Enquirer: 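Mind looking over this structure? Questions follow.
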Amino acid sequence: MSTVLESSAGGAADPAEAAFVYRDGGLQAEQVPLARIAEAVGTPCYVYAGGAMQATYRALASALGAVGLPTTICYAVKANPHVAVIRGFAALGAGADVVSEGELRRALAAGVPPERIVFAGVGKTEAEMAFALETGILQFNAESIDELKVLDAVAGRLGRTAPVALRVNPDVDARTHAKIATGKAGNKFGIDIDQMPATLALLRDLKNLRLDGLAVHIGSQLVHAEPYEAAFARLAELAREVLAGGWRLRHLDLGGGMGIPYGPARDGRSAALPLDAYVAAVKRTVGSLGLPLVFEPGRYLVGNAGLLLARVLYVKQGRSKRFVILDAAMNDLIRPTLYDAWHEIVPVAEPAPGAALEPVDVVGPICESGDIFAHDRLLPPVAPGDLIAILSTGAYGATMSSTYNSRLPAPEVMVRGGDSAVIKARPDHAAMIAQDRLPAWLEESGRTR
Ligand SMILES: *Cc1c(COP(=O)(O)O)cnc(C)c1O
């Protein structure tokens, strides 16, 4: 028995690492053979280790407990918005971080109490604000002065007071991929820290808003504690100024972004956020303020507890390269294309010890050269019909998928221990085509004059 993802650098052991293990010659999700899942639902499909997700949540909650302050973990729904995933965390006391009415409704459907839901995002509509106000959420993380004015007006119309946290842009380099860095001046997120005095002055006039907190979220897949420390230090300084100005704060929201290992140590891809250093940074910076804390982890809780299961369709020897063509594609998993993301890829049948590795490009069937999961990846020999697992795809996998090339959305399966359940079925082609409506002038005959 061997775990697929080897031990990560620093911090506590990652419970998600034990989620997918070779046993009896085949890769299993917790105690369920992936071959059996592929037989039951077909490929491609997403498989989530529900037990590992919950274990990761517990481990994070316990690590954050060391800060010594009351803490709410608001799971960032956008990482994996399946109601079953949210419910698994809600059952352990989690709140939710949502960025749209759709996500808010999912969190509520999963049983997250409204008073543990924070609503983030730079572009909330009036309708979304109204729905969230009626729901009675914990707070709106406001990202601009105009948003505050609109929220005040909506709250006034509904006769309600909107609880607000100001999301600050601390101008910190998160040292992550440019497309997921959010805390540098010049990113669209948050209110620039030097606009805070003007924002606070405005807040005194907006009678339907109540300032409850300050928030930062500087990016995603952060593997260094230092940018966090810099951002939290600025937040703490700002909080002291705000308190000195006579405001009362109920909590500080430190955002999410905790990075996970995307591969085994031998490839140098194992960099993950050292959680102990992160916790120490929290303590050093905001600890002495004594305010309750909110955290918004998404990827950290689900990323390594999911995989994309696919089948090899063809192995093609080109002039200079060997291509392994899968039945999964960039529409199922866009991260390699969008973020140049590196995902560990392993055969489901356990390779013989010492099996020779050969470099291959692992690609999908879509008519785009960008439809590629891995370049020059060293894999043991694979043949058409073999099952392949693309690891660490529990976050920003299914949720970012599309139906490009009219490919059907991949089904989703959750396991816990020896149990498994199809939590999203593959729709059929007829249902997908039935979503298209013809305008009256094309309905009659299908012919045009
Ligand atoms: C995306 C996002 C998160 C979660 O990010 P992860 O990297 O998945 O932890 C948290 N808070 C806000 C405001 C976000 O936009």
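Small disclaimer: the values here were computed from a predicted structure and weren't measured. Counting begins at 1 with the first residue of the sequence. Atoms within a ligand are numbered from 1 in the order they appear, just like the ligands themselves. These values consider heavy atoms only, across backbone and side chains, with no hydrogens, waters or symmetry-generated copies.
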Enquirer: For the 3.5 Å polar cut-off, considering only N or O atoms, please tell me whether Gly219 and ligand 1 meet it.
Expert: no
Enquirer: Has ligand 1 got any nitrogen or oxygen that is less than 3.5 angstrom from a nitrogen or oxygen of Val99?
Expert: no
Enquirer: I'd like to know if Glu143 and Lys188 make a salt bridge, using a cut-off of under 4.0 Å between side-chain N and carboxylate O.
Expert: no
Enquirer: Check the orientation of Tyr228 and Tyr278. Use parallel for under 30°, tilted for 30 to 60°, and perpendicular for over 60°.
Expert: perpendicular
Enquirer: Decide whether a cation-pi geometry holds between Arg105 and Phe131; the criteria are a distance under 6.0 Å from NZ or CZ to the six-membered ring centre and an angle within 45° of the ring axis.
Expert: yes
Enquirer: Which part of Thr182 is near ligand 1, with near meaning a heavy atom under 4.0 Å away: side chain, backbone, both or neither?
Expert: neither
Enquirer: Establish, from distance only, whether the side-chain atoms of Tyr339 and Gln221 form a donor-acceptor pair under 3.5 Å.
Expert: no
Enquirer: Heavy atom to atom 7 (O) of ligand 1, shortest distance: which of Ala120, Ser220, Cys74 holds it?
Expert: Ser220
Enquirer: Looking at Glu147 and Lys124, is any side-chain nitrogen of the basic one under 4.0 Å from a carboxylate oxygen of the acidic one?
Expert: yes
Enquirer: Go through ligand 1 atom by atom and flag the ones less than 4.0 Å from a non-hydrogen atom of Pro297.
Expert: 9 (O)
Enquirer: Looking only at heavy atoms of Ala395, does any of them come nearer than 4.0 Å to an atom of ligand 1?
Expert: no
Enquirer: Step through the shown structure and confirm whether more than 12 heavy atoms of other residues, nucleotides or ligands are within 6.0 Å of CZ on Arg234.
Expert: yes
Enquirer: Please confirm whether Gly257 approaches ligand 1 to less than 4.0 Å, judged on its heavy atoms.
Expert: yes
Enquirer: Going by the atom numbers of ligand 1, which of them fall below 4.0 Å from some non-hydrogen atom of Arg167?
Expert: 13 (C)
Enquirer: At a 4.0 Å threshold, what atoms of ligand 1 neighbour a non-hydrogen atom of Glu296?
Expert: 3 (C), 4 (C), 9 (O), 10 (C), 11 (N), 12 (C), 13 (C)
Enquirer: Give the numbers and elements of all ligand 1 atoms closer than 4.0 Å to a heavy atom of Arg299.
Expert: 6 (P), 8 (O), 9 (O)
Enquirer: Could you list the atoms of ligand 1 found under 4.0 angstrom from a heavy atom of Tyr396?
Expert: 1 (C), 4 (C), 5 (O), 6 (P), 8 (O)
Enquirer: Decide yes or no on salt bridge (charged side-chain N to carboxylate O under 4.0 Å, His left out) for Arg284 and Glu229, but give the supporting numbers first.
Expert: CA-CA 8 Å; Arg284 268 198 297 275; Glu229 177 136 18; 2.8 Å; yes
Enquirer: For the residue pair Leu235 and Thr285, establish whether any side-chain heavy-atom pair is separated by less than 4.5 Å.
Expert: no
Enquirer: So is there a nitrogen or oxygen of Asp97 less than 3.5 Å from a nitrogen or oxygen in ligand 1?
Expert: yes
